[in-house]
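Structure first, then comments.
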Amino acid sequence: MDGGNNEFDLLSCRCLRWCLNGAVACGESLSFVHCPRSFFRNFSRTPSPFIRAQLTKAYQTANVLFEALKAVDMTQSIEVDREIQEAQNKVAEEMQIYVPYNILPFDPDSANQAIMKYPEIQAAVFALRNTRGIPWPKGHKNKKDEDILDWLQAMFGFQKDNVANQREHLILLLANVHISQLQLDERALTEAMEKLFENYKKWCKFLDRKSSLWLPTIQQEVQQRKLLYMALYLLIWGEAANLRFVPGCLCYIYHHMAFELYGMLAGNVSPMTGENIKPAHGSEEEAFSRKVVTPIYEVIAKEAEKSKRGKSKHSQWRNYGDLNEYFWSVHCFRLGWPMRADADFFRLPAGQLRKKNGNILSYLISYCFPYCQFFRRPLPGFPSSKGPYVSR
């Protein structure tokens with residue numbers, strides 16, 4: 001057992017060294033070589049996109065290897081070797097430069113990348129980095145090039161990787177609607193916003209509720225507010241998991257969180273606490289995933305178990321159509337905000353919930369849903385469950 005651990009430690013140490021010193025392409029094969037740090041310091045100024053991609057993967061691999069090694073050492077109650085720890089510290093430093101990304105790089109050298117020099121990309125990035133007048137939480141440490149998505153993460157507790165993904169998503173979405181423009185065109189922004197919130201506005205109209213998309217009277221703040229509303233929706237969608245199949249649920253969540261967003265920006269005071277309005281589910285790390293998405297996801301999982309792979313009677317469980325119907329009825333507001341754990345949605349069996357709500361449309365849905373999905377047609381009053389991507 002000890003010999004195996006020593007062999008694993010040795011292999012991990014070598015891999016960390018290789019990943020630390022970088023990866024270069026040699027013909028069709030990839031070779032890990034030892035190179036002076038000064039070479040990489042100069043090389044990182046104008047690296048080829050291919051080499052940067054390989055270096056990024058190398059540092060990611062090194063980081064995963066270290067976590068695996070640390071986990072193994074913990075099971076054996078031994079400390080990580082000092083040499084390996086030092087190598088990992090260097091890897092962590094390099095990972096701040098070689099940040100993984102999908103299409104748009106946002107590492108310190110990103111300004112030199114060709115894709116970041118397109119005027120429509122630069123215009124969208126510049127607009128998102130307008131954080132003027134936004135109230136950051138107490139104790140927040142400013143970072144370079146912070147944008148409105150960083151603020152939304154700090155206030156609502158979104159996951160870090162989700163924020164990175166939706167930043168790219170929003171920038172590309174905006175770039176596609178105002179190609180070759182040096183500034184973010186107001187017409188293009190309005191067009192993108194109308195498409196993104198089409199389903200939400202139908203939801204508000206159907207339930208006779210006022211939209212939470214309140215815009216400021218000061219014209220200079222309108223663009224920032226629109227971008228904040230769009231970014232918030234994409235961040236909710238990015239962590240929604242199976243809730244995406246219940247678009248009415250996403251509308252319900254967004255309706256309340258957008259209202260909280262408006263209250264925070266307006267400086268409204270809570271009548272209950274006498275303090276400025278804060279998100280109902282907190283701002284701690286991953287708060288949105290744990291306190292909003294997870295409880296509803298657990299309901300979906302329980303209903304799936306009750307179905308017994310579709311063998312149970314439909315009256316004994318709720319499918320996505322039934323859950324979506326609930327959020328397209330005024331009964332969904334019984335959930336409250338923050339959502340009450342004792343609400344009917346979380347505790348009543350499917351049959352009792354249908355009876356209490358007095359709805360029989362779910363039975364119609366069970367028969368029509370396959371037909372509607374086949375022809376990609378939404379049921380009357382139930383808009384399509386497509387994601388928020390704007391058709392291009």
Side-chain angles (χ1 to χ4, degrees), residues 43-57 59-60 94-134 142-154 158-198 219-239 386-392:
F43 180 72
S44 64
R45 295 174 186 171
T46 55
S48 110
F50 176 76
I51 298 298
R52 284 185 68 86
Q54 299 306 316
L55 286 171
T56 300
K57 291 180 181 178
Y59 290 126
Q60 283 184 282
E94 296 297 329
M95 286 184 69
Q96 299 300 316
I97 300 176
Y98 299 100
V99 181
Y101 62 92
N102 298 315
I103 299 175
L104 302 177
F106 287 98
D107 54 45
D109 190 56
S110 61
N112 295 322
Q113 302 302 305
I115 192 171
M116 301 302 290
K117 294 181 180 180
Y118 284 98
E120 56 268 32
I121 296 291
Q122 292 181 339
V125 171
F126 179 79
L128 291 184
R129 288 179 179 172
N130 174 24
T131 59
R132 184 177 53 190
I134 293 180
N142 294 329
K143 298 182 297 183
K144 184 180 179 181
D145 296 330
E146 282 183 320
D147 60 21
I148 60 175
L149 285 95
D150 292 313
W151 181 77
L152 289 170
Q153 178 187 11
F158 291 111
Q159 295 177 8
K160 178 182 177 181
D161 290 337
N162 176 40
V163 172
N165 288 336
Q166 299 310 320
R167 177 179 290 112
E168 286 191 49
H169 183 178
L170 182 54
I171 290 173
L172 292 173
L173 187 152
L174 296 171
N176 282 349
V177 295
H178 74 287
I179 294 176
S180 301
Q181 298 292 321
L182 296 177
Q183 291 184 338
L184 188 57
D185 181 64
E186 191 65 27
R187 176 199 56 79
L189 179 58
T190 301
E191 178 186 341
M193 190 173 177
E194 288 295 326
K195 291 182 178 180
L196 191 65
F197 294 116
E198 180 182 1
Q219 189 60 34
Q220 291 83 350
E221 299 177 0
V222 171
Q223 183 185 90
Q224 182 192 71
R225 187 68 57 86
K226 288 182 177 180
L227 291 173
L228 280 165
Y229 284 141
M230 294 174 69
L232 177 62
Y233 185 82
L234 293 179
L235 289 170
I236 292 172
W237 185 87
E239 293 186 31
K386 291 187 295 183
Y389 288 98
V390 174
S391 57
R392 304 184 177 111

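Keep in mind that this is a model prediction, so the values were computed, not measured.
How far CD of Q223 is from CE of M193: 12.0 Å, rounded to the nearest 0.5 Å. Here Y229 contributes atom OH and L152 contributes atom CG; the two are 11.5 Å apart, rounded to the nearest 0.5 Å. Atoms NZ and CG, from K226 and L174 in turn, are 11.5 Å apart once rounded to the nearest 0.5 Å. Note that the CG atom of L173 and the CE atom of M230 stand 5.0 Å from one another [nearest 0.5 Å]. I134 CD1 to E221 CD: the interatomic distance, rounded to the nearest 0.5 Å, is 10.0 Å. Here CG of L104 is found 5.0 Å from CD of E168. Values are rounded to the nearest 0.5 Å.
Counting only heavy atoms from C-beta outward, the side chains of L228 and W151 approach each other to under 4.5 Å. A heavy-atom distance below 4.5 Å is found between the side chains of L234 and L196. H178 is not listed as a side-chain neighbour of L189, based on a closest heavy-atom distance of 4.5 Å or more. Two residues are said to be in side-chain contact when any heavy atoms from C-beta on lie closer than 4.5 Å; Q166 and H169 meet this criterion. Between F158 and L232 there is a side-chain heavy-atom pair separated by less than 4.5 Å. In this structure, the side chains of L235 and Q153 stay at 4.5 Å or more apart for every pair of heavy atoms. Counting heavy atoms from C-beta outward, F106 and D147 have side chains that stay 4.5 Å or more apart. Residues R167 and D150 are in side-chain contact: their nearest non-hydrogen atoms beyond the backbone lie under 4.5 Å apart.
Taking the side-chain contact (heavy atoms from CB on, under 4.5 Å) definition, one finds that N165 meets it with N102, sequence neighbours left out.
Counting only distance, with no hydrogens or angles, the side chain of E239 and the backbone of Q159 share a donor-acceptor pair below 3.5 Å.
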Output a table of donor-acceptor pairs, distance under 3.5 Å, between side-chain atoms of residues 122-131 and any protein atom two or more places apart or on a different chain; print 'none' if there are none.
| residue | atom | partner | partner atom | Å |
| --- | --- | --- | --- | --- |
| Q122 | NE2 | M116 | O | 3.3 |
| N130 | OD1 | R132 | N | 3.3 |

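Closest of all the heavy-atom pairs between V177 and A188 is O-CB, 3.2 Å.
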